[in-house]
Amino acid sequence: MNLTSTETFKFIWDCILDSPLHEAVPIMYADHYPNNPTGEFIVMTSLSNVIGTSQVVTVNVNLYVPDNTPTINTEKQRYPDRNRLNELTRIAFDSLANYPIAERWFFDVSDETIVSEENISYTFSNIKVKLKKH
């Protein structure tokens, strides 16, 4: 039986809530970030794929970290906090790489990308978590 998108989203959301990742970044949002964000936060989105009897659900776990904004020569500069992004990404990989449901389902944590979010002076680490059924 295939899981619905809502079921898989909730499953991974709950896994994060019970993990060291949630201890490191306790604020989570579904599908969007807030209008005036402060501090670090996580945003999750999901895509579901079913091919025949196989199902692969991809969930994006985006770890947002505020950029450093020092003033240099009277101008504000903007730099990603790469050390913190790397630290949170490592925690996410360690927290989400497991076998959650029986023998037929497992997580594949991969495809990490660093993306600058221009509108809010944040950079985020986009981690693709694939929940696969065999």
Side-chain angles (χ1 to χ4, degrees):
M1 178 174 113
N2 289 333
L3 297 176
T4 66
S5 294
T6 301
E7 289 170 326
T8 55
F9 186 91
K10 182 178 178 347
F11 182 75
I12 294 175
W13 181 278
D14 290 345
C15 285
I16 290 173
L17 288 178
D18 292 333
S19 77
L21 180 58
H22 188 251
E23 292 173 23
V25 183
I27 300 169
M28 292 176 34
Y29 298 97
D31 301 319
H32 70 285
Y33 58 79
N35 288 333
N36 296 308
T38 60
E40 300 170 346
F41 58 92
I42 299 169
V43 175
M44 283 182 47
T45 59
S46 67
L47 303 168
S48 182
N49 303 311
V50 177
I51 303 169
T53 59
S54 297
Q55 183 178 19
V56 177
V57 180
T58 301
V59 175
N60 289 310
V61 176
N62 297 322
L63 308 171
Y64 281 79
V65 174
D67 290 334
N68 295 319
T69 55
T71 301
I72 301 174
N73 296 329
T74 68
E75 286 191 37
K76 275 211 178 261
Q77 305 294 315
R78 189 176 153 211
Y79 301 100
D81 187 345
R82 293 190 184 276
N83 289 333
R84 183 62 175 158
L85 285 164
N86 185 55
E87 180 182 350
L88 292 177
T89 299
R90 183 61 36 219
I91 293 169
F93 273 54
D94 292 344
S95 296
L96 297 173
N98 60 42
Y99 296 85
I101 305 174
E103 301 89 35
R104 297 188 58 177
W105 290 92
F106 70 94
F107 282 166
D108 176 20
V109 181
S110 62
D111 300 328
E112 183 257 344
T113 304
I114 301 293
V115 180
S116 179
E117 184 64 66
E118 297 298 324
N119 295 332
I120 59 172
S121 293
Y122 274 73
T123 300
F124 65 93
S125 176
N126 170 256
I127 301 168
K128 291 190 178 11
V129 179
K130 291 182 182 172
L131 183 62
K132 296 180 180 182
K133 181 181 88 169
H134 290 281

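Residues take their numbers from the sequence shown, with the count starting at 1.
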Tightest non-hydrogen contact, residues R78 and S116, listed as NH2-OG, 3.0 Å
Rounded to the nearest 0.5 Å, how far apart are OG1 of T58 and NZ of K130?
5.0 Å
Applying the 4.5 Å side-chain criterion to the ILVMFWY set and letting contacts propagate, would I127 and V115 be lumped into a single cluster?
no
Side-chain touch I91/E23, heavy atoms, less than 4.5 angstrom:
no
CZ of R82 to CG of D67: how many Å apart, nearest 0.5 Å?
9.5 Å
Using 0.5 Å steps for rounding, measure from the CZ atom of R84 to the OG1 atom of T89.
10.0 Å
Should V43 and V25 be regarded as members of a common hydrophobic cluster, given that ILVMFWY residues are connected when their side-chain heavy atoms come within less than 4.5 Å of each other, either directly or indirectly?
no
Looking at OG1 of T113 and CG of N126, how far apart are the two atoms once the value is rounded to the nearest 0.5 Å?
5.5 Å
When clusters are formed by joining ILVMFWY residues with side-chain heavy atoms under 4.5 Å apart, either directly or through shared neighbours, do Y29 and F9 land in the same one?
no
I'd like to know if the side chain of Y122 reaches the main chain of G39, judged simply by a donor and an acceptor atom lying under 3.5 Å from each other, with no hydrogens or angles considered.
yes
Determine which pairs satisfy ring pair (Phe, Tyr, Trp, His ring centres under 6.0 Å) with at least one residue from residues 55-84, sequence neighbours left out, and list them in order.
Y33-Y64, F41-Y64, Y64-F124
Taking distance alone, no hydrogens or angles, what donor-acceptor pairs closer than 3.5 Å link side-chain atoms of residues 12-19 to residues at least two apart or in another chain?
from : atom 1 : to  : atom 2 : distance (Å)
D14  : OD2    : K10 : NZ     : 2.6
S19  : OG     : I16 : O      : 2.8
S19  : OG     : L21 : N      : 3.1

With rounding to the nearest 0.5 angstrom, report the CD to CG distance, E112 to L85.
8.0 Å
How close do P80 and N68 get, heavy atom to heavy atom, and via which atoms?
O-ND2, 4.2 Å
Against V65, only a single residue in N83, L88, T123 fulfils side chain to side chain contact (heavy atoms under 4.5 Å, CB included); can you say which?
L88
Starting at CD1 of I120, measure out to OG1 of T38 and round the result to the nearest 0.5 Å.
10.5 Å
